[in-house]
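We number each residue from 1, following the sequence as shown. When a ligand or atom number is given, it counts from 1 through the structure's own listing order.
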Amino acid sequence: MADPAVSVVIPVFNEQANLPLLFKRIGAVLDTLDRSAEVVFVNDGSRDDSQKLLEDFHASRPTQVAVVEFNRNYGQHMAVMAGFEHARGDTIVTLDADLQNPPEEIPKLLGAIDAGHDSVGGRRVKRQDSFFRRTASRAINHLRESITDIRMDDQGCMLRAYTREVIDAVVSCHERATFIPALAYRFSKNPAEVDVAHEARQAGTSKYSLLRLARLNFDLITGFSLVPLHLFTGLGIFSACGSLLLVGILFFRRFIYPGASEAEGVFTLFAILFFLVSVLILGIGLIGEYVGRIYQVVQQRPRFVIHKVLAPVRR
Ligand code: UDP
Ligand code: MG
């Protein structure tokens, strides 16, 4: 049997409450699709019954379902990466397991791929997330837009489709901390975005704590821009010039107008000093974000360990 035309890659982390309905809805979409398709589930170290459910799905549609099981949790983007490595389709679609991305929108993405786009992002209309998430997203979207050359309206939507060419390039990357929509954008020639529906999480809670969310966004910024480092260089030059000016003024007052006392300004000086020290600590932290990510790559450990694979049965 030939390889399927489409692979749908779905990362799964403790989603037992969502999987049955997801599989039902995905199955219905696959059955009405105008081309052959498979689903690649990647179990990202779930501690609930997700793996058992996924194995049942494989048993019920053996030719259409692949299951990749990690030994532990490596994060959504690594799970999607592993899914890409196992996907056989010419077009690869990603979506979340919590049904926030309706599988019924897949044909719309495929339509844009057919129209000649090699990377198609979903643009969530009426996004069903908390006010905090939407606001934070907007801020990061803004920041990404101003310090990288990546242009998209909705970077966070994981309902997306890519051509084989783009996915081969993505899979050839060895970074550990990455942001797949941005990475794929870098390798595409003719990207597009289409409006897609967005639903509230069907069951369970988001797998992203505030800390994980912050880390993911740092992955996006450090992975695709050196502007934060350049900003610090600029800031350093600026503050050095300011300090030099201050030294000049103090020198002038001490030797040309002797008798002028500067001791009164000691707390002002402290305030300025504290501010500059904070900026310095921030700079060291920022460099640390880059260095830590370099360190992970330099160690050359495997990005993830696959414990088990259930490959689709070839008829
Ligand atoms: N996910 C994962 N590994 C993780 C965190 C999340 O595979 O460490 C999966 C999760 O099961 C879901 C998708 O990534 O299919 C998106 O996660 P979630 O819905 O929690 O993120 P949010 O919608 O809150 O951004
Ligand atoms: Mg979600």
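- At a heavy-atom cutoff of 4.0 Å, ligand 1 is contacted by no atom of Asp129, backbone or side chain.
- A cation-pi arrangement is present between Arg72 and Tyr74 under the rule of less than 6.0 angstrom and at most 45 degrees off the ring axis.
- For the residue pair Tyr185 and Gln155, no side-chain donor N or O sits within less than 3.5 Å of a side-chain acceptor on the partner.
- By the 6.0 Å and 45° rule, Arg215 does not stack over the aromatic ring of Phe218.
- Salt-bridge annotation for Asp118 and Lys189: absent, with no side-chain N of the basic residue lying under 4.0 Å from a carboxylate O of the acidic one.
- For Gln300, the CD atom sits in a loose shell: 12 or fewer heavy atoms of surrounding residues, nucleotides or ligands are nearer than 6.0 Å.
- For Phe70 and His307, the distance between ring centers is not under 6.0 angstrom.
- By the criterion of a heavy-atom distance under 4.0 Å, both the backbone and the side chain of Asp96 are placed next to ligand 1.
- In this structure, Glu199 pairs ionically with Arg25, as a charged nitrogen and a carboxylate oxygen lie closer than 4.0 Å.
- Atoms of ligand 1 lying under 4.0 Å from any heavy atom of Val12, numbered from 1 in the order shown and given with element: 7 (O), 11 (O).
- The Mg ion (ligand 2) has an N, O or S atom of Gln100 under 2.8 Å away, backbone or side chain.
- Geometrically, ligand 1 and Asp98 share a nitrogen or oxygen pair separated by less than 3.5 Å.
- Listed by number with element, the atoms of ligand 1 under 4.0 angstrom from any heavy atom of Asn73 are 3 (N), 4 (C), 8 (O).
- Partner Arg35 forms a salt bridge (Lys or Arg N to Asp or Glu O under 4.0 Å) with one of Asp114, Asp90, Asp3 and no other, that one being Asp114.
- Taking a cut-off of under 4.0 Å to the non-hydrogen atoms of Ala97, the atoms of ligand 1 that pass are 12 (C), 15 (O).
- Side-chain contact of Asn141 with Arg138: a donor-acceptor pair under 3.5 Å is absent, judged by distance alone.
- With a 4.0 Å cut-off on non-hydrogen atoms, Gln100 touches ligand 1 through its side chain and not its backbone.
- Residue nearest to atom 1 (N) of ligand 1, selected from Phe70, Phe41, Phe13: Phe13 (by heavy-atom distance).
- For Tyr295, the OH atom is loosely surrounded, since the number of other residues' heavy atoms within 6.0 Å does not exceed 12.
- Atom 3 (N) of ligand 1 has its nearest heavy-atom neighbour, among Leu213, Asn101, Asp44, Leu216, in Asp44.
- Atoms of ligand 1 found under 4.0 Å from any heavy atom of Tyr208 (numbered from 1 in listed order, with element): 21 (O), 25 (O).
- Inclusion of Thr205 in the set of residues having an N or O under 3.5 Å from an N or O of ligand 1 is not warranted.
- Scanning all protein heavy atoms for the shortest distance to atom 20 (O) of ligand 1 gives Lys207 N, 2.6 Å.
- For ligand 1, the atoms sitting less than 4.0 Å from at least one non-hydrogen atom of Arg201 are 18 (P), 19 (O), 20 (O), numbered in the order shown with element in parentheses.
- Counted by atom type alone, Asp98 and Gln202 present zero donor-acceptor pairs between their side chains at under 3.5 Å.
- Proximity of Glu15 to ligand 1, defined as any heavy-atom pair under 4.0 Å, is confined to the side chain (atoms from C-beta onward).
- Looking only at heavy atoms of the protein, atom 24 (O) of ligand 1 is closest to Ser206 OG, 2.6 Å.
- Contact check for Phe41 versus Ser50: no side-chain heavy atoms found under the 4.5 Å cut-off.
- Residue Arg88 comes nearest to Thr63 through the heavy atom pair NH2-O, 4.2 Å, listed as atom of the first residue, atom of the second, then distance.
- The nearest heavy-atom contact from the protein to atom 25 (O) of ligand 1 is Arg133 NH2, 2.6 Å.
- Among the atoms of Ala79, none of the N or O lies under 3.5 angstrom from an N or O of ligand 1.
- In terms of protein heavy-atom proximity, atom 9 (C) of ligand 1 is closest to Pro11 O, 3.8 Å.
- Using a 4.0 Å cutoff on heavy atoms, Arg212 counts as a contact of ligand 1.
- Taking backbone and side-chain atoms together, Asp98 has an N/O/S atom less than 2.8 Å away from the Mg ion (ligand 2).
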